[in-house]
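What follows is a single structure, written as structure tokens, with notes after it.
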Amino acid sequence: MSRTPEARNPEAGTPEARVPESVYARVREEVAARADRLWDVGLALHREPETAYEEHGASRLLADELEREGFRVERGVAGLPTAFTARAGGNSEEGAADDGPCVALLMEYDALPLLGHACGHNLIAAAGLGAALAARAALDGGGAGDGIGGTLLAVGAPAEERGGGKVAEVEAGLFEGVDAALMFHPGVYDWRWAPLTASAQIRVGFHGRSAHPTGNPTEGIDALGALIQLFNALGVLHKRLPAGSHVQGIVTDGGRATNIVPEYAEGLFGLRGGTTAALEELVEELRTCARGVALATGTTVEVTGVGGRYEHFRDNDVLSGLFAGHLERAGIGVAEPVPGVYLGSSDIGNVSTRVPAIHPFVAIMGADGSDHTPEFAEAAAGPRARRVMLAAAEALACTAVDVLLRPEVPERAWDRFREKAAAGL
């Protein structure tokens, strides 16, 4: 049975607890002892990239590693064959969240079609694995889990690049009772949090009437012409969109032959909004434009969503500040993001609007590069990537320790979470 956020910390108001330096030192020792093993996992994923919902080998490799070290593993969670959870700690067999604080360490491991791990998910997986193993060993001394002081949850999250595994996991209630959700992402910047927008995929289909363009042109209703008018209308709309919002569309069906007036035409549109509320407004703007075009052209129109929507990312600066401090001790400094720069969208947003979460970026190549490129895929298996992955594993594990051993940390994190939610941030 999960607790409500308001009742998570009975020790709220007590003096701030401190984690003994020996625990942090033990985390560093555990990560160092596993360094070659973790890098082997990262390289194995890199050599055998698997795209969204097809990550059978990656899921099995990671779950087996956790199970081997005593985590209680459940495979195929949230109705997704390649998703899993692994628990340690807690006084009940399930590691229920009311047995103390609960911290989740997230692992992504899907690859991009044709580009492999050009987003560095092999490093996210290896770092999350290392953090879970090191935190458990440092807190529990290799015992049965009773020394953790709460629940340590490792989450295998497939299909970030397409479909949104975390969307399904959130809807299945997997994050109920979690006090902190922690992950990192490799990139080209060292930023303590990720400016990630909300996003949605919308399909728009216009229905007209076919005809011969010269034989009986007045009988035709041009569905492709209507779709083109929608693109024109969105071009005007785009000029007044707020920062972080945009629409990008492609034609997915434009007819079958040049000597037939198309009776059906379809476009797929990617929408982004600086906040989830801004995205919802933009979706309605698209619907309004599509209906107006249909009315003007004599067509009918269908507007439907494709896949789950990604919500905007809500950084929990209590937790991201702790992570930044630990990462700096590991030799990497991170700064605030550059204002007005957005780095795409991710299903971590759906987690971050339910529980306190972090998603820092740590560079594995220079700022003149970009992810989703062959160069980034190569960098994700390079020496800098190894150093970053191990530093991130150490910082994630130390942040997890803070959540589990310092009662005021989850309390402050939830307070900050509620403040941002109330402000619509």
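Taking CG of Leu327 as the start and CZ of Phe184 as the end, the distance is 9.0 Å to the nearest 0.5 Å. In this structure, the separation between CD on Glu411 and CZ on Arg406 is 13.5 Å, given to the nearest 0.5 Å. For the atom pair Asn350 CG and Phe175 CZ, the distance stands at 10.0 Å (nearest 0.5 Å). Rounding to the nearest 0.5 angstrom, the gap separating the CG atom in Leu268 from the CZ atom in Arg203 is 6.0 Å. Distance CG/Leu282 to CG/Leu234: 8.5 Å, rounded to 0.5 Å. Interatomic distance, OH of Tyr53 versus OG1 of Thr82, reported as 8.5 Å (0.5 Å rounding).
Within 6.0 Å of CD in Glu336 there are more than 12 heavy atoms belonging to other residues, nucleotides or ligands. Heavy-atom contacts from other residues, nucleotides or ligands closer than 6.0 Å to CD of Glu67 number more than 12.
Ser352 places no side-chain N or O within 3.5 Å of a backbone atom of Asp315 that could act as its donor or acceptor partner. Asp371 places no side-chain N or O within 3.5 Å of a backbone atom of Cys119 that could act as its donor or acceptor partner. Thr85 places no side-chain N or O within donor-acceptor distance of the main-chain N or O of Val155, the cut-off being under 3.5 Å. Listed for the Arg314 side chain is a donor-acceptor partner under 3.5 Å among the backbone atoms of Leu425. No donor-acceptor pair under 3.5 Å is formed between the side chain of Arg309 and the backbone N or O of Ala198. Between the His117 side chain and the Leu45 main chain, a donor and an acceptor come within less than 3.5 Å of each other. When atom types are taken as modelled, the side chain of Asn316 and the backbone of Ala413 share a donor-acceptor pair closer than 3.5 angstrom. For Asp190 (side chain) and Ala363 (main-chain N/O), a donor-acceptor pair under 3.5 Å exists by modelled atom type. Although no hydrogens or angles enter the test, the distance criterion places a donor-acceptor pair under 3.5 Å between the side chain of Asp253 and the main chain of Gly255. Remark: the backbone N or O of Glu55 is not paired with any side-chain donor or acceptor of Ser59 at under 3.5 angstrom.
Considering all non-hydrogen atoms of both residues, Gly270 and Gln201 come closest at CA-NE2, 3.7 Å. Scanning all heavy atoms of the two residues, the minimum distance from Met107 to Ala154 falls at CE-CB, 3.7 Å. The two residues Asp347 and Ala159 come nearest to each other via the heavy atoms OD2-O, 4.1 Å. Closest approach of Leu123 and Ala380 over heavy atoms only: CD2-O, 3.5 Å. In plain terms, the two heavy atoms of Val334 and Ala324 that are nearest each other are CG2-CB, 3.6 Å. Here the closest non-hydrogen pair linking Gly366 and Arg384 is N-NH1, 4.1 Å.
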Give the intermediate values and the outcome of salt bridge (charged side-chain N to carboxylate O under 4.0 Å, His left out) for residues Arg34 and Glu69. CA-CA 12 Å; Arg34 292 170 169 82; Glu69 292 215 18; 2.8 Å; yes
Working for side chain to side chain contact (heavy atoms under 4.5 Å, CB included), residues Val19 and Asp402: CA-CA 7 Å; Val19 173; Asp402 288 329; 3.6 Å; yes
Under the salt bridge (charged side-chain N to carboxylate O under 4.0 Å, His left out) criterion, do Arg47 and Asp40 qualify, and how do the steps go? CA-CA 10 Å; Arg47 286 192 301 268; Asp40 286 345; over 6 Å; no
Begin from the C-alpha positions of His312 and Tyr310 and carry the test ring pair (Phe, Tyr, Trp, His ring centres under 6.0 Å) through to its verdict. CA-CA 7 Å; His312 75 278; Tyr310 288 7; over 10 Å; no
Taking it one step at a time, do Leu396 and Ile358 satisfy side chain to side chain contact (heavy atoms under 4.5 Å, CB included)? CA-CA 10 Å; Leu396 289 168; Ile358 67 169; 4.2 Å; yes
Check the pair Leu115, Thr373 against side chain to side chain contact (heavy atoms under 4.5 Å, CB included), reporting the backbone distance first and the verdict last. CA-CA 7 Å; Leu115 289 174; Thr373 63; over 6 Å; no
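With respect to Glu311 and Lys166, no salt bridge is recorded, no charged nitrogen being found less than 4.0 Å from a carboxylate O. We find that Arg60 and Glu50 are not joined by a salt bridge, their nearest charged nitrogen and carboxylate oxygen being 4.0 Å or further apart. Between Glu419 and Arg416 a salt bridge is recorded (basic side-chain N to carboxylate O distance below 4.0 Å). Ion pairing of Glu394 with Arg329 is absent here, as no side-chain N (NZ or NE/NH1/NH2) approaches a carboxylate O to less than 4.0 Å. The pair Arg240-Glu285 meets the salt-bridge criterion, with a side-chain N (NZ, NE, NH1 or NH2) lying under 4.0 Å from an Asp/Glu carboxylate O.
Using a 4.5 Å heavy-atom threshold, the side chains of Val236 and Asn232 count as separate. Side-chain contact between Val409 and Leu319 is present, with at least one heavy-atom pair separated by less than 4.5 Å. Here the side chains of Leu230 and Cys289 are in contact, with some heavy-atom distance below 4.5 Å. Counting only heavy atoms from C-beta outward, the side chains of Leu405 and Leu139 approach each other to under 4.5 Å. Under the 4.5 Å side-chain criterion, counting only non-hydrogen atoms from C-beta, Val41 is in contact with Leu129. Contact annotation: the side chain of Thr151 approaches that of Arg87 to within less than 4.5 Å [non-hydrogen atoms, C-beta and beyond]. Trp193 places a side-chain heavy atom less than 4.5 Å from the side chain of Pro195. Side-chain contact between Val301 and Val204 is present, with at least one heavy-atom pair separated by less than 4.5 Å.
Here the two rings, on Phe313 and Tyr342, have centers that are 6.0 Å apart or farther.
Between Trp414 and Phe417, the ring planes are perpendicular. Angles over 60° get that label, and only those under 30° would be called parallel. Taking the six-membered ring where tryptophan is involved, the planes of Phe84 and Tyr109 are essentially parallel, since the angle between them stays under 30° and well short of 60°.
Under the side-chain hydrogen bond (donor to acceptor under 3.5 Å, both in side chains) criterion, Thr252 pairs with Glu266, not counting sequence neighbours. Partners of Leu114 according to the side-chain contact (heavy atoms from CB on, under 4.5 Å) rule, which considers only residues two or more places apart in sequence or in another chain, do not exist here.
Only one option out of Met389, His359, Glu108, Glu160 pairs with Ile124 in a side-chain contact (heavy atoms from CB on, under 4.5 Å); it is Glu108.
The side-chain tip of Arg192 does not point at the ring of Phe323 from less than 6.0 angstrom away and within 45° of straight on.
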